[in-house]
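Contents: one structure, followed by commentary.
Throughout, a chain's letter reflects where its sequence line sits, starting with A, and its residues are numbered from 1.
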Protein chains: 2
Amino acid sequence: MPLSPDEPALAAVVPAVGRPVSVQDAIRRDIIAGVLTPGARVTETSLAQRYDVSRVPVREALRGLESEGFIDSRPHVGSRVAPIPVHDADDLFAVREALEVSTARSAARRAAALYSGDESPEDWWRIRREIAALLDAGDAHVAADDLDPLVAINDQIHIGIAELSGSATMTRLLRQLSWKIEWLYAADVQPRGKRLWPEHRVIVGAIDAGDGERAAALMAAHVRESRIGYLLRYGVTTPSSDPVVAAAVEERRPADG
Amino acid sequence: MPLSPDEPALAAVVPAVGRPVSVQDAIRRDIIAGVLTPGARVTETSLAQRYDVSRVPVREALRGLESEGFIDSRPHVGSRVAPIPVHDADDLFAVREALEVSTARSAARRAAALYSGDESPEDWWRIRREIAALLDAGDAHVAADDLDPLVAINDQIHIGIAELSGSATMTRLLRQLSWKIEWLYAADVQPRGKRLWPEHRVIVGAIDAGDGERAAALMAAHVRESRIGYLLRYGVTTPSSDPVVAAAVEERRPADG
DNA sequence: AGAGGAGTGATTGTATGCAATCGTCCCTGT
DNA sequence: ACAGGGACGATTGCATACAATCACTCCTCT
């Protein structure tokens, strides 16, 4: 697996978190962190005071958050933090499966085309190197039993795979969803991703090998396993929309916590 | 296929076009209609004058359009109408395939659950009736050889199927994409959807029958065929990211126009 | 002649103030 | 006591005005 054909090692692990936080980022962060609880009523004025800005940037931020699904807004009435998305969890996982299976397959195909010289994507190697760094960082956190950062790293890896697939649209959609995913996991203090973590390296391996179908199958299993684990942990009563997932949940429920 | 278990016939064919157009809708409409051509430079001030509003609503609209992919904006420099998305077409179709295969499968499963009495979704019948109306309307347009409205009707049907699937997330994402799809097709005055049109009724039939895998397979073939047709018509030179599609395009290219 | 830097113009980003709209409460009439 | 209507308060929607930032040009120095 030759990772760096031209440039030197390069650190660049920090996954774009250091931006000069916009109001939208600040509010989203507070929602994900639980400072602004779901169902809480928020007015433009109160938020403006809270973040010490005018109402105008708050307005823009609310519009953006609304389209991301974090805010429910009604004209002339007010806005609320969207109800906790646990109900949407199964839905969200279904979308992830649909999208990410496709990105994994495409990424592997592009890798194959790359090796055969048919294509030379401009920044394929840069992204691939970032993923490698993220995998290493995740391994370190797992080894240190410091699992909290794994949520963000996990998202970054999945977005990175989407970037490798070369589909700007999928990347954009997945980025939207990733925030909600983080929100879902944020409620879970100790993510059980430790068991699933090693799967990432296997998936990336299949991509490197250029085996599209294997990458797709591995990704499908990965997302599905994550979905089952989530539904089990939260004891969601309504069955999953995917019969296979629903059956697995039902089967494992008594054995689990 | 019993369509109306409780309510009477109901017209409601008009697919939500009559809203009091916001600035964002107005700009998007002009982009899709070609009034604002891709690459054109647009400033907040010029748009404000154009639509006779202040810069504030224009700002919000631009933010929204940016997240929809219609506008490329650089801070302190200006905004441009995003370059013509023909290059993204293949990408867009790939996403559609990933999402819509999933929605078709889920919709069929819900139909099966509905018939067996396991579930009673609140507005399943309403949506199903709207789809029926859309199918009829499309048939009428095809019969009259008036193919222009088919683009919008087509989008509405696909969104309706997503709604039947019960996945709010998929519906939201698909709705975002549908605008871009319309943009793509708008360049094509005479959409060649006439040949593909009857497939919709077959897909809906599979959903009604509760046959998830068949619905999924039909939808996959439908989107793929549409994709091939598009790439052929526009003579896109770069091969599709899907090898099957790329091969089909290559095979049919000489025979076609 | 070329490179560097300051000035200028254009554009975005933000704040404040006012108008429009909607929900709610109280008051009145029956 | 209850229903209906009007007024008030709260909140959003919008316009104007100003500040900050960036790109570009021209001027100067080497």
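- Using a 4.5 Å heavy-atom cutoff, the side chains of B:R63 and A:R63 are not in contact.
- The stretch residues 149-176 of chain A participates, sequence neighbours left out, in these ring-ring contact (aromatic ring centres under 6.0 Å, His included) pairs: A:H158-A:H200, A:H158-A:H222.
- Spacing between atom OH of A:Y51 and atom P of C:dA15 amounts to 15 Å, rounded to whole angstrom units.
- Rounded to 10 degrees, the angle between the two end axes of the helix from C:dA1-D:dT30 to C:dT30-D:dA1 is 10°, with five pairs used at each end.
- Side-chain N/O atoms of B:T43 and B:S46 include a donor and acceptor closer than 3.5 Å.
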Exercise answer: donor-acceptor pairs, residues 69-79 of chain A side-chain atoms, under 3.5 Å, sequence neighbours excluded:
| residue | atom | partner | partner atom | Å |
| --- | --- | --- | --- | --- |
| A:S73 | OG | A:S79 | OG | 3.0 |

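- For residues 28-64 of chain A, the set of pairs meeting the ring-ring contact (aromatic ring centres under 6.0 Å, His included) definition, not counting sequence neighbours, is empty.
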query = What is the per-nucleotide protein-contact pattern of nucleotides 9-15 of chain D, from the 5' end, where B denotes a base atom under 4.0 Å from a protein heavy atom, S denotes such proximity for sugar-phosphate atoms only, and - denotes neither?
reply = --SBB-B
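- A donor atom on one side chain and an acceptor atom on the other are found under 3.5 Å apart for A:Q24 and A:E68.
- Residues in residues 166-176 of chain A take part in these salt bridge (charged side-chain N to carboxylate O under 4.0 Å, His left out) pairs, two or more places apart or across chains: A:E163-A:R175.
- Between the side chains of B:T45 and B:R55, no donor-acceptor pair is found at a separation under 3.5 Å.
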